[in-house]
Amino acid sequence: MILFALLIAVACGCGKGEDKKEPVNDPKLLLGFSQIGAESAWRIGNTRDIEEQAENYRVSLMLENANQKQENQIAAIRRFIAYKVDVIAFSPIVEDGWDNVLLEAQKAGIPVILVDRDVSTEQEGLTACVIGADFYREGVMAAEYLLRKADALGLETLHIVEITGTENSTPMRQRQAGFMDTIAGDERMTILESIDGDFLKSRGAECMRSLLESYGDEIDVVYSHNDEMTLGAIPEIEKAGLIPGKDMIIISIDGGQKAIDVLKEGKINCVVECTPKLGKELMETALKLKAGEAVEPVIHPTEQVFSDEQDPNGIAPRGY
Ligand code: GZL
């Protein structure tokens, strides 16, 4: 048991003098989790929730941060296989490139849970389930808000710019598809440009600067795939002498506290919720898999829309 505890301490960086978490006493399960990084308040909230729920469910968690690199996630999964964890979970930064390592986990007899994002593989059955948002629905809800706003304001033309998340990631692909499918056929809507902001605040600012240089006040709508990029874009809109939320309709996704605070200031018009609190479902699903029980192939949390259609001051603290 001592070796086991030492492995946990080393694997989760506890041996490097980082804040030492006591290994779970008499753990019910050893879970290896590869997290994408810490690129957004959403991601940080997701990590925190998973750590808290692991303690609640007496799961020993080996959590590794990939610092936004797919190769680091693949290496982490191989380490989990070598440690013979009971269950592997990870949030794939992009959808492609996982077949080989997932085949290795399958051969090792270790079930794999996808958290937050999905993968695209040649073979079926390489993962047990995916726990995460219905990103397509999030895109639909964002567009449905825009259609209501256009109707309410009697707008006849809307020029839209889109700042997308990480290219080839599930949220980027599906938030774009849900939005575009919903506005398709509405002659008021014109997409001026889609540009990759990689879910990063700094890139969101760069993208907005570039879009303002190209289109200036021709832009009527900014559709941003996450709050970080939105919060990077807003100061750039103001530097250009334009009023976000008034001169431009600003639509964002995630629903973190900072974005809700800016919604209350009137500088964002709509925030679609994407909850990072997936830890409870992850632990319950991992324990079911260890016990040999069947699990749902897809687990979607319920999510809502916050907007200027209702009093934002009634929104409860977001916790991320
Ligand atoms: C969505 C998640 C996205 C968030 C971003 O579930 O994958 O990644 O929307 C985060 O904030 O970077």
Side-chain angles (χ1 to χ4, degrees), residues 33-50 65-70 72-73 89-96 98 113-120 127 129-142 162-179 194 196-205 207 222-234 250-260 262-263 268 270-282 298-306 318-320:
F33 181 72
S34 169
Q35 179 61 292
I36 289 175
E39 74 281 0
S40 63
W42 189 99
R43 186 68 52 199
I44 292 165
N46 178 243
T47 298
R48 184 170 59 238
D49 183 67
I50 287 169
N65 179 324
N67 293 315
Q68 317 303 124
K69 290 183 170 54
Q70 179 175 29
N72 290 347
Q73 293 198 284
F90 73 111
S91 178
I93 187 166
V94 292
E95 293 191 337
D96 309 302
W98 304 99
I113 299 172
L114 296 171
V115 176
D116 171 31
R117 301 185 183 179
D118 206 344
V119 297
S120 170
T127 57
C129 67
V130 57
I131 302 170
D134 181 343
F135 301 117
Y136 184 89
R137 176 95 191 102
E138 292 172 351
V140 169
M141 291 194 284
E162 180 189 34
I163 305 177
T164 75
T166 306
E167 191 177 7
N168 297 329
S169 68
T170 313
M172 177 266 166
R173 285 175 168 171
Q174 295 187 13
R175 284 171 180 167
Q176 183 172 71
F179 185 89
S194 276
D196 179 1
D198 204 16
F199 287 129
L200 297 172
K201 184 173 184 178
S202 57
R203 286 284 297 127
C207 291
V222 178
Y223 172 47
S224 167
H225 286 191
N226 88 326
D227 296 345
E228 298 304 316
M229 298 187 298
T230 306
L231 295 170
I234 284 173
I250 311 292
I251 301 172
S252 187
I253 301 179
D254 273 351
Q257 191 58 54
K258 286 182 181 172
I260 296 302
V262 175
L263 172 73
I268 294 176
C270 173
V271 183
V272 177
E273 181 185 29
C274 176
T275 181
K277 296 174 181 173
L278 304 174
K280 182 175 185 293
E281 289 80 7
L282 171 56
V298 179
I299 300 171
H300 283 324
T302 53
E303 295 172 332
Q304 59 186 308
V305 177
F306 305 110
R318 301 291 302 147
Y320 62 99

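As the structure lists them, so they are numbered: ligands from 1, and atoms in each ligand from 1.
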* Given side chains that start at C-beta, do those of Cys270 and Val305 come closer than 4.5 Å, heavy atoms only? -> yes
* Asked: Any side-chain heavy atom of Asn226 within less than 4.5 Å of one from Trp42?
  -> no
Number the atoms of ligand 1 from 1 as they appear, then name those within less than 4.0 Å of a heavy atom of [X], with their elements.
X	result
Asp254	4 (C), 5 (C), 9 (O), 11 (O)
Cys274	1 (C), 6 (O)
Glu39	8 (O), 10 (C), 12 (O)
Arg117	3 (C), 7 (O), 8 (O), 10 (C), 12 (O)

* **Residues Arg173, Asp96: salt bridge by 4.0 Å N-O rule** => yes
* **Short N or O distance, Ser40 and ligand 1, threshold 3.5 Å exclusive** => yes
* N/O to N/O below 3.5 Å, does that happen between Asp116 and ligand 1? -> yes
Which heavy atom of [X] sits nearest to which heavy atom of [Y], and what is that distance?
X	Y	result
Phe306	Glu273	CE1-CB, 4.0 Å
Phe90	Gln73	CD1-NE2, 4.2 Å
Glu138	Glu303	OE2-OE1, 2.9 Å

* **His225 and Glu162 side chains, donor-acceptor separation under 3.5 Å** => yes
* Asked: Touching ligand 1 at all, Glu228? Heavy atoms, strictly under 4.0 Å?
  -> no
* To do: Determine whether any heavy atom of Pro171 lies closer than 4.0 Å to an atom of ligand 1.
  => yes
* For ligand 1, the portion of Arg175 having any non-hydrogen atom under 4.0 Å away -> side chain
